[in-house]
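These numbers were taken from a predicted model, which means no experiment stands behind them. Numbering of ligands and ligand atoms starts at 1, following listing order.
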Amino acid sequence: MMTPEQYIDSLRSQKKEVYFMGEKVENVVDHPAMRPHINAAAVTYKLGTEEEYQHLGSAVSHLTGNKVNRWTHIPQNQEDLVKKAMMLRVAGQITGTCFQRCVGMDALITLYSTTWEIDQEMGTNYHKRFKEFLVETQNNDYMTDGAMTDPKGDRSKRPSEQHDPDQYVRVVEERPDGIVVRGAKMHQTGAINSHQILVMPGMGMSPEDEDYAISFAVPADEKGIIYVFGRQVNDSRKWEGKIDQGNAKYGVVGGEALIIFEDVFVPWDRVFMYKETKYTGKLVDRFASYHRQNYGACKAGNLDVLIGATASLAGMQGTMKASHVKDKLSEMAHLVETMYSGALACSFNCSQNGCGTAFVDPVLANSSKLNTARYYPEVTKLAQDIAGGFVATIPSEKEFENPRVAPYMHKYYSTGENVDAIERIKMGRLVENMTGSTPIIECMHGAGSPQAQKVVLQRSINWRDKMKYAAEIVREPETSPSK
Ligand code: SF4
């Protein structure tokens with residue numbers, strides 16, 4: 001397994017084509033817009049290798065018997081799924097943001113069982129290929145970018161009906177030694193700091209969409225892959241200083257990028273699904289359930305940080321003893337623990353796929369993500385309420401270097417003898433950073449928009465049984481009660 005430092009160093013030798021704000025980025029690792037996200041991903045390596053966290057962050061590979069990082073492990077039982085959720089909460093508490101590596105983890109888990117199922121029915125050999133890829137991933141402790149979301153063009157049309165055939169990633173050429181792919185994947189968390197990309201279809205497909213029903217892996221710096229790194233609200237603060245960023249070490253959300261596949265060659269041994277449209281819906285649903293399990297855990301960890309920042313501000317500002325503040329803090333904790341209980345519940349109530357992989361309860365996993373999309377903004381509102389309006393009006397940290405106003409900054413941003421103005425502003429900036437639009441939008445749409453979870457619930461809930469329970473209760477008793 002790699003240490004955090006080894007992981008960061010391993011990225012230096014990659015030759016990725018990355019663009020940000022109209023310019024090519026030669027050094028991703030030390031770029032101020034990207035480094036915080038790399039630090040956050042490095043925490044997954046910390047959990048894998050440091051003694052304090054290894055009971056959660058490492059696992060024994062069922063394929064090799066080797067100790068591997070849990071972010072590359074295929075869950076074999078209930079304990080593995082529960083530990084996955086616990087590990088994500090801890091990583092969320094350390095970083096206060098997205099640590100990115102779970103999308104790839106869930107792609108590995110999903111493809112492990114899906115390739116096995118395709119082979120059982122179709123007589124293909126995807127699973128053997130995939131196992132070789134997985135062992136290489138585990139042995140080298142690679143970070144995998146799980147790439148699912150296509151640009152999608154006109155949402156009312158299927159991939160093969162689009163005005164532009166590249167709106168979904170597709171195969172454009174078949175060769176004796178492999179395939180050539182074209183298209184793009186959007187909003188790719190951790191893409192610029194991953195070692196490899198694992199592409200999956202982004203929706204259930206019909207037979208006419210067969211060129212789009214593909215799954216494959218490529219090294220992240222493969223020829224023909226272009227990355228366009230996304231902007232975030234207030235991101236210029238990243239190269240202006242430290243305090244105003246709020247979370248200078250780990251950033252906000254996952255450092256997402258657009259990945260463009262400009263006719264990229266993929267050898268056959270890295271192709272894990274090829275035109276089997278029948279399995280695309282199952283793959284997407286399965287991946288979504290694993291990733292929705294996570295949201296109740298990683299976001300709970302993030303919100304533990306926000307609760308801490310809010311309580312610290314209340315302490316500094318003399319409002320901690322106010323009964324409405326105590327009430328709001330306990331409401332925040334209640335919402336966070338409700339989110340986390342969903343992540344644990346779907347892990348405890350798991351089942352086992354044919355190949356032995358443990359699978360979360362999809363109804364509970366989807367409910368957990370839906371709760372997270374609903375409660376995260378609630379918790380941020382309560383944080384803003386307690387923290388106070390100063391969070392939205394703090395002057396630049398540069399004013400502390402401005403001799404004319406610096407003494408006044410210290411004087412008027414301090415709230416008491418023992419309250420340092422800069423320490424208070426740092427907490428205020430952390431609250432501002434964690435309650436701003438970027439994390440709230442990410443929380444709503446990451447792992448699928450709320451409507452996607454409702455569709456799964458509509459499809460999966462046994463409505464007939466529920467009606468039967470009600471009918472049973474209102475049914476006339478067979479014998480009248482004695483008077
Ligand atoms: Fe992991 Fe959460 Fe980020 Fe998804 S949003 S990659 S589960 S930290």
Side-chain angles (χ1 to χ4, degrees), residues 36-48 53 56-57 69-73 75 81 83-110 143-149 185-194 197-198 200 230 232 247 249-257 287-306 336 339-340 342-344 346-347 360 365-366 368-373 375-377 379 434 438-450 452-453:
H37 307 293
I38 294 172
N39 291 340
V43 167
T44 68
Y45 289 88
K46 177 185 176 84
L47 265 60
Y53 303 109
L56 296 177
N69 186 297
R70 190 173 290 282
W71 268 274
T72 67
H73 178 60
L81 288 174
K83 282 192 170 176
K84 180 182 181 235
M86 292 168 75
M87 164 180 89
L88 299 188
R89 185 155 187 183
V90 171
Q93 289 165 341
I94 295 173
T95 57
T97 189
C98 170
F99 31 91
Q100 309 140 45
R101 206 176 170 190
C102 333
V103 194
M105 165 174 62
D106 294 330
L108 293 172
I109 299 171
T110 300
M143 172 160 161
T144 305
D145 171 58
M148 179 168 266
T149 311
K185 292 286 185 185
M186 303 190 97
H187 333 301
Q188 289 307 300
T189 302
I192 55 109
N193 47 298
S194 288
I197 304 171
L198 182 51
M200 299 164 285
Q232 299 175 332
N247 185 347
K249 194 165 180 190
Y250 299 116
V252 58
V253 304
E256 280 72 17
F287 170 83
S289 290
Y290 282 118
H291 207 59
R292 289 169 192 167
Q293 168 204 20
N294 301 351
Y295 264 57
C298 73
K299 302 301 180 204
N302 291 170
L303 291 177
D304 287 333
V305 175
L306 182 63
V336 169
M339 285 159 47
Y340 186 51
L344 289 179
C346 69
S347 311
V360 289
N366 278 275
S368 174
K369 166 67 215 317
L370 206 47
N371 277 344
T372 304
Y375 296 163
Y376 191 102
V379 177
M434 295 189 76
T438 306
I440 292 178
I441 296 170
E442 191 278 332
C443 191
M444 173 174 289
H445 294 290
S449 311
Q453 287 107 62

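With Thr372 contributing its side chain and Ser368 its backbone, the two residues share a donor-acceptor pair below 3.5 Å. Under the 3.5 Å distance criterion, the side-chain polar atoms of Thr110 are left unmatched by any main-chain donor or acceptor of Ala107. A distance-only check finds no donor-acceptor pair linking the side chain of Lys84 to the backbone of Asn294 [under 3.5 Å].
Annotation: cation-pi geometry satisfied between Arg101 and Tyr45 (NZ/CZ under 6.0 angstrom from ring centroid, within 45° of ring axis).
In terms of the side-chain hydrogen bond (donor to acceptor under 3.5 Å, both in side chains) criterion, residue partners of Gln100 (sequence neighbours excluded) are, by chain and number, Asn193. Taking Asn247 as the reference, Thr97, Lys249, Tyr250, Leu430, Asn433 meet the side chain to side chain contact (heavy atoms under 4.5 Å, CB included) condition, with sequence neighbours excluded. Among residues two or more places apart in sequence or in another chain, the side chain to side chain contact (heavy atoms under 4.5 Å, CB included) test is passed with Val379 by Leu303, Leu306, Met332, Leu335, Val336.
Listed by number with element, the atoms of ligand 1 under 4.0 Å from a non-hydrogen atom of Glu442 are 5 (S). Atom numbering of ligand 1 starts at 1 in the shown order; those under 4.0 Å from a heavy atom of Lys299 are 5 (S). Of all atoms in ligand 1, listed by their number and element, those nearer than 4.0 Å to a heavy atom of Tyr295 are 4 (Fe), 5 (S).
Shown are the protein N/O/S atoms under 2.8 Å from atom 1 (Fe) of ligand 1, given by residue and atom: Cys102 SG.
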